Number of protein chains: 2
Amino acid sequence: MIRTEALRAFVTVTEHGNIRDAAEILCRTQSAVSMTLKQLEAELGGPLFESDRKSKLTDLGAFVLDVVGPLLREHDRALELITGYAQGYSGRLRIAAVPSVAALILPTVLKTFVQARPEAEIDLYDTDSASVREMLLRGETDLGLASPAGEADGLRAIPLFTDPLVFVCHAAHPLASEPRPLAWHQLTGERLILNETLSGLATPEFRTLAAQARLSVRNLTSLLAMVQADAGDTILPGLATRALPSGVVTRPLADPACQRRVSLLVRDGRTPSPIAAAFIDMLCDALPNMAQRFGLSERWT
Amino acid sequence: MIRTEALRAFVTVTEHGNIRDAAEILCRTQSAVSMTLKQLEAELGGPLFESDRKSKLTDLGAFVLDVVGPLLREHDRALELITGYAQGYSGRLRIAAVPSVAALILPTVLKTFVQARPEAEIDLYDTDSASVREMLLRGETDLGLASPAGEADGLRAIPLFTDPLVFVCHAAHPLASEPRPLAWHQLTGERLILNETLSGLATPEFRTLAAQARLSVRNLTSLLAMVQADAGDTILPGLATRALPSGVVTRPLADPACQRRVSLLVRDGRTPSPIAAAFIDMLCDALPNMAQRFGLSERWT
DNA sequence: TGCATGTTTCAGGGAAACTGAAGTTGAGTG
DNA sequence: CACTCAACTTCAGTTTCCCTGAAACATGCA
């Protein structure tokens, strides 16, 4: 059996013209390299060098060098690729996130992440929670950052943080000047516009309000435009209300259960790719900072 | 250190979907393959399979397979190339031979030689002895079949056979009907045409005759045409007189020293390429047959 | 639950590669 | 022509590490 290391020893010796220097490079003793070459010659059935002094190749030696040189370069390149990928330094990472996370949390994290990984390719896609989960299930993304679904459906959720929901209304709205956090009963009769972030909210008082809602808007920009036009009011996670159009204000809600949970979602039973695992690590490390910065509650049980 | 055999084990397991069958192919026990995979995973720093049942790859596993599959094919192809070359089954063999050897000895030998070596490329070049030696020295051919030069000049000669020289003359020539082998003195006064095969003949009687010669012709066909036209007579090795034009006859010479020596010539101090060595072996094996067929004396000391 | 199939773990054996020292070879030099 | 030096080979002893076989462990199926 011809060992790859024997071929490498041969090439190194040809490159240096003698065994001594090659042995140094290979971190072996002279005798080890000598014996390795001898064994290689025995396996091939002919001498590789014209004399003991390893300066001149035989025809066979020249041929082997021609073939093995490129082979070893291929070999080294392949192993580098593999280890780079295995250590999360290269490869493609596809992230799907809800817009608020994509806009506020990810830029900071991704910046340092890509800086350390010039080889890596990263795709970021923002959409609503339901689409994030669908993309994961269809294998169209590696990671999701969104609200976890109620029941287990082939996804695994790692809790990241909770984000308090706030009431969003026109500045001229009567409740806009209410000094205290709003209780549910204060919202009775409001023209509530539903949106995707509210689908996970199970509080009975809210469900009663939601049942009376006439309007549902999926896109955040459209939703805020509606509020700005005073066509109604809505409830949104705090993160999503960082950049409001003029004339739109927010009021906190009194119900402490009224929170959006944001999880990191991965496909259940699938080991994440190394670069995904590296990103998860970095994200979890960065989370305390983010939580403090945006006033989020870190984790839940 | 990632062993090539570990990569091969991994690919084989993915191909069979389980360790047991792969172990059979690899001529190892289950546990050996299992431990090899485990070691590979440890070296990469992550799992290659989703579960103990080796049916589903992780992302990392799929990536490694993508990279390693082609790598191993390259590797195997390269080793095949090398061993094929080392065993003399492939490669290029350039032979330079004097015309008589090229025409009479080589066809039979080369026929079986190339049949056994569909991968090999063989170039045959015929020219006179001096050119054969020059081609060898310039590295333009691997083997020469010709008369050895007098002094050692960077070539090594392996004696093959001796070929008795014969007198060649027109059928109407007085000596053509001489029943006994010719002695040198009988040739005195003949219009001897010199040729390249006579340059190595050192017998004093012949040298005296040669000194009186007016004509020297290099090409065999031209030489025989001269004799056919009765423009003179000449001396040639027996092998070169196998196909004479009509009207031209040969007579044996009495001097037993009057022989052309044919050697196999190679460059001194250079190991012949494996395919050249294989050809030399085959030629030496076939020689007794040839010697008998053409009435040559096999070898000399 | 028990069985069949397949994998991992573990201790022990053995092959193969490595080391260090001594021996050999070959080129250059007075 | 012997001497010297550098480079390589050989050899015995050691170490490393891969492999085997047995037993324990998982997983799916009747």
Side-chain angles (χ1 to χ4, degrees), chain A residues 1-58 60-61 64-65 68 72 79 268-271, chain B residues 1-58 60-61 64-65 72 79 152 154 156 268-271:
Chain A
M1 184 52 38
I2 293 177
R3 287 179 307 148
T4 306
E5 287 317 303
L7 298 177
R8 191 183 305 281
F10 168 63
V11 171
T12 310
V13 170
T14 63
E15 280 168 357
H16 291 79
N18 68 76
I19 288 192
R20 211 172 50 92
D21 295 354
E24 180 116 2
I25 303 286
L26 298 165
C27 301
R28 292 287 120 84
T29 58
Q30 257 192 57
S31 49
V33 177
S34 174
M35 290 195 312
T36 300
L37 285 186
K38 205 167 116 79
Q39 192 196 350
L40 184 58
E41 288 180 332
E43 268 158 340
L44 291 175
L48 292 164
F49 294 93
E50 284 293 2
S51 67
D52 280 356
R53 305 297 162 115
K54 309 302 186 190
S55 49
K56 198 146 172 288
L57 291 167
T58 59
L60 175 59
V64 171
L65 184 61
V68 165
L72 285 185
L79 286 198
D268 199 21
R270 301 260 288 135
T271 308
Chain B
M1 184 51 39
I2 293 178
R3 286 179 308 147
T4 306
E5 288 316 304
L7 298 177
R8 192 184 303 283
F10 168 63
V11 171
T12 310
V13 170
T14 62
E15 281 168 355
H16 290 78
N18 67 76
I19 289 192
R20 213 172 53 91
D21 295 354
E24 180 118 1
I25 303 284
L26 298 165
C27 301
R28 293 287 120 86
T29 58
Q30 260 191 54
S31 50
V33 177
S34 173
M35 289 194 309
T36 300
L37 284 186
K38 206 166 119 76
Q39 192 195 349
L40 184 57
E41 288 180 332
E43 267 159 338
L44 291 175
L48 293 164
F49 294 92
E50 285 294 2
S51 67
D52 280 359
R53 302 297 162 116
K54 308 302 187 191
S55 50
K56 197 145 173 289
L57 291 168
T58 59
L60 175 59
V64 171
L65 185 61
L72 286 185
L79 286 199
R156 196 158 56 83
D268 200 20
R270 300 259 289 136
T271 308

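These numbers come from a predicted model, not from an experiment. Each chain gets a letter, A, B and so on, in the order the sequences are listed, and its residues count up from 1.
- Counting non-hydrogen atoms under 4.0 angstrom, B:Arg53 reaches a base of the nucleic acid.
- Counting only heavy atoms from C-beta on, A:Met35 has its side chain closest to D:dT10 among D:dC8, D:dT10, D:dC19.
- Residue B:Lys54 places at least one side-chain N or O under 4.0 Å from the OP1 or OP2 atom of C:dT8.
- Judged by atom type and distance alone, A:Ser31 reaches the base of C:dG20 through a side-chain donor-acceptor pair under 3.5 Å.
- Whole-Å rounding puts the A:Glu50 CD to C:dG26 P distance at 14 Å.
- When heavy atoms are screened at a 4.0 angstrom cut-off, B:Thr36 is found touching the sugar-phosphate backbone but no base atom.
- Applying the side-chain hydrogen bond (donor to acceptor under 3.5 Å, both in side chains) test to pairs two or more places apart or on separate chains, those with a residue in residues 36-53 of chain A are A:Glu50-B:Thr271.
- For the pair B:Leu26 CG and D:dC18 C1', the interatomic distance rounds to 14 Å; values are reported in whole Å.
- One can place CD of A:Glu24 at 16 Å from C1' of D:dA6, the figure rounded to the nearest angstrom.
- Taking only side-chain atoms of A:Gln39, from C-beta outward, the nucleotide of D:dT9, C:dA17, D:dC18 with the closest atom is C:dA17.
- Put simply, B:Lys38 has a side-chain N or O that comes within less than 4.0 Å of OP1 or OP2 on C:dT9.
- Atom CD of A:Glu24 has 12 or fewer heavy atoms from other residues, nucleotides or ligands within 6.0 Å.
- Residue B:Arg156 places its CZ atom among 12 or fewer non-hydrogen atoms of other residues, nucleotides or ligands, all under 6.0 Å distant.
- The distance between atom CZ of A:Arg28 and atom C1' of C:dT19, rounded to the nearest whole Å, is 11 Å.
- As a whole-Å value, the separation of B:Phe49 CZ from D:dT27 C1' is 17 Å.
- Along DNA chain C, the nucleotide nearest A:Asp52 and the nucleotide nearest A:Cys27 are compared for position; the residue whose nucleotide lies closer to the 5' end is A:Cys27.
- Between A:Ala6 and A:Leu40 the shortest heavy-atom distance is O-CD2, 4.0 Å.
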Let me see the working for A:Phe10 and A:Leu72 under side chain to side chain contact (heavy atoms under 4.5 Å, CB included), right down to the final yes or no. CA-CA 11 Å; A:Phe10 168 63; A:Leu72 285 185; over 6 Å; no
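- The side chain of A:Arg3 places an N or O atom within less than 4.0 Å of a non-bridging phosphate oxygen (OP1 or OP2) of C:dA17.
- A straight line from CD of A:Glu41 to P of D:dT10 spans 10 Å, rounded to a whole angstrom.
- Residue A:Ser34 has a polar side-chain atom (N or O) positioned under 4.0 Å from OP1 or OP2 of D:dT9.
- Contact between the side-chain N/O atoms of A:Gln30 and the OP1/OP2 oxygens of D:dA7 is not found at any separation under 4.0 Å.
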